[in-house]
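Note sheet for the following structure.
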Amino acid sequence: MSFTASTLSGSKPEQYAQLAAQARALVHGEPDRIANAANLAALVYHALPGLNWVGFYFYDGNELVVGPFQGLPACVRIALDKGVCGAAARTRQTQRVADVDAFPGHIACDSASRSELVVPLVHGDALVGVFDLDSPNPGRFDEEDQQGLEAIARIFLESLLESLP
Ligand code: SME
């Protein structure tokens, strides 16, 4: 399959609908989580403006371990009681942080990061990991970004269904 990301256009919800369609096409028929995480990180990183890190952490039963991503090298392991990623994994609620410097325990993998969105990846009762996006711009993510990126996270989870226990 060849894939060329087309430019997103229209309102922000319309752009996220186009991005979701591209994401579905990328993972179609493929259950491998590394392959799908890698392609979705690349898709989102290149499609959306104002991002310096997009990627996945996977839960190993004890802590979060970095998976496929785009951006600078990142912290490898994050305990569930640490940082924005840990908070998303522990609470199983999306964490939308407008100012990471004001978030207690934020882990600065890339000192350029100013705002962050972390979507937990949960299948049934099982924590799979988190989908993490960082921006060098304060307040980069609004409610529409959150909804659009939660939809991308769902597409990732649905792609795994054959390979999850
Ligand atoms: N800032 C995150 C750590 C992961 S990096 O941003 C890639 C956190 O506080 O959990």
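In listed order, ligands and their atoms are each counted from 1.
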In terms of heavy-atom contacts, Ser9 and Gln15 come closest through O-CG, 3.4 Å
Contact table ligand 1 N or O to protein N or O, d under 3.5 Å:
| unit_1 | atom_1 | unit_2 | atom_2 | d |
| --- | --- | --- | --- | --- |
| ligand 1 | 1 (N) | His106 | NE2 | 3.2 |
| ligand 1 | 1 (N) | Ile107 | O | 2.7 |
| ligand 1 | 1 (N) | Glu116 | OE1 | 3.0 |
| ligand 1 | 1 (N) | Glu116 | OE2 | 3.2 |
| ligand 1 | 6 (O) | Asp134 | OD1 | 3.4 |
| ligand 1 | 6 (O) | Asp134 | OD2 | 2.7 |
| ligand 1 | 9 (O) | Val84 | N | 3.0 |
| ligand 1 | 9 (O) | Ile107 | N | 2.9 |
| ligand 1 | 10 (O) | Val84 | N | 3.0 |
| ligand 1 | 10 (O) | Cys85 | N | 2.7 |

May I have all residue pairs that pass side chain to side chain donor-acceptor pair (under 3.5 Å) and include part of residues 125-137, sequence neighbours excluded?
Ser113-Asp134
Going by side chain to side chain donor-acceptor pair (under 3.5 Å), name the residues that satisfy it together with Glu144, two or more places apart in sequence or in a different chain.
none
Nearest atoms (heavy-atom pairs only) where Leu64 meets Leu80:
CG-CD2, 3.9 Å
Residues passing the side chain to side chain contact (heavy atoms under 4.5 Å, CB included) test with Val100, sequence neighbours excluded, are Val97, His106, Glu116
How about Gln18 and Gln22: does a side-chain donor come under 3.5 Å of a side-chain acceptor?
no
